[in-house]
Amino acid sequence: MSATAQAARPVARPASRLRRMRKNRIGRLASRAPFYLLIAAIAGYCLFPFYWVLRSSFTPEVNLFQTPIQYFPAHPTLENYRGALSANFFTHALLNSAIVAGSVTVLSLAIGSSAAFALGRFHFHGRTFVLYLVLSMTIFPQIAILGALYTTVTKFNLYDTLGALIFTYLIFTLPFTIWVLTSFMRALPGDLEEAAYVDGATPLQVFWKVLLPLIAPGLVTTGLLAFISAWNEYLYALSFIQSPSRYTVPLAITSFVSNTGSAFAVPWGQIMAATVIITLPLVLLVLILQKRIIAGLTAGAVKG
């Protein structure tokens, strides 16, 4: 009897362990279920507007306000995309936005990285004050300085030019770029810089050949955010641009006219299609640079 009981024990132990493991897994899943439900609710709340824009862009104009609501178009069409891309002002706006956003991004990274090198690697009186002064520029809303910017733009004969947008967009992209890149510069170890100086490198060579490649993830992250901000900006474009040939995409979206020619009919289908078209470059940039973006978001939080 004792030998039989001893032989049965090793069989019972794994079965009891499996039951405990299953209970623990079910318990962990049950305890995390509210968290997952909350994440799903937040994701659905954030993604539903994008889904609705995509759905509306493939829905025929006559079915956009059909009731009951169809969450999937019964007869998908590309007519809205054809109408959006056939508008000359919209295609010009895509080019104008690419020029403005690209120029703003390059200038923000060039000026911001140079300023970050000075603020992050050199010690001088007033450095902290300068950093907080740069940060304070992001506190004021854009409309608070619109009057002063309008006076400056007209004084330098930049009104109704893409140069006015490039100049004014730097007001809100440059402070953020300087602040973020300064934290990256401060996080770099000083041994690399000292070794370069011992080898006879100048400060400019240290910045260009040693430090700048090390903060590449930060450059990608801040550059992408600056590009998105310049690409989506509407207030300054509305204030400083008058000619349709110089419209950017936010202005172009508001300029679509219905095929009927009525001022009271809004071509929502073409507007939704144009929204999808101008969103695609941003999505593609994020997908292409996602590894660099994740590295940039995490690297700035670690020192040394």
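We count residues from 1, following the sequence as given.
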Among the clusters formed by ILVMFWY side chains lying less than 4.5 Å apart, do [X] and [Y] turn up in the same one?
{"X": "V53", "Y": "L282", "answer": "yes"}
{"X": "W179", "Y": "L109", "answer": "yes"}
{"X": "L170", "Y": "L146", "answer": "yes"}

**Study point:** Stepwise side-chain contact (heavy atoms from CB on, under 4.5 Å) check, R121 with L211
**Key:** CA-CA 10 Å; R121 308 306 295 183; L211 299 181; 3.9 Å; yes
Check your understanding: Between the main-chain N or O of L165 and the side-chain N or O of T168, is there a donor-acceptor pair closer than 3.5 Å?
Key ->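 Confirmed, T168 side chain pairs with L165 backbone.
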Check your understanding: Under 3.5 Å, is there a donor-acceptor pair between the side chain of N63 and the main chain of P73?
Key -> no
Practice item. Check the pair Y169 / F172 against ring-ring contact (aromatic ring centres under 6.0 Å, His included), numbers first and verdict last. Key: CA-CA 6 Å; Y169 287 1; F172 57 85; 5.6 Å; yes
Exercise for review: For F117 and F207, run ring-ring contact (aromatic ring centres under 6.0 Å, His included): C-alpha distance rounded to whole Å, both residues' side-chain angles, the deciding distance at 0.1 Å, then the answer.
Suggested key: CA-CA 7 Å; F117 174 60; F207 166 70; 5.1 Å; yes
If you compare all heavy atoms of [X] against all heavy atoms of [Y], which two are closest, and at what distance to 0.1 Å?
{"X": "A201", "Y": "V206", "result": "CB-CG2, 3.9 Å"}
{"X": "L251", "Y": "A237", "result": "CD1-O, 3.3 Å"}
{"X": "S255", "Y": "Y247", "result": "OG-CE2, 3.3 Å"}
{"X": "E61", "Y": "V266", "result": "OE2-O, 3.6 Å"}
{"X": "N96", "Y": "S245", "result": "ND2-O, 2.9 Å"}

Review point. Taking C-beta and beyond as the side chain, do I42 and Y45 meet within less than 4.5 Å on heavy atoms?
Key: no
Practice item. Assess the side chains of S57 and Y81: does a donor N or O sit below 3.5 Å from an acceptor N or O? Key: yes
Practice item. Could you verify whether a donor N or O on one side chain and an acceptor N or O on the other, from S108 and T173, lie under 3.5 Å apart? Key: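 A pair is found: one side chain offers a donor N or O, the other an acceptor, under 3.5 Å apart.
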Revision key, fill the gap. Rounding to 0.5 Å, atoms CD1 (I99) and OG1 (T248) come to a distance of 12.0 Å
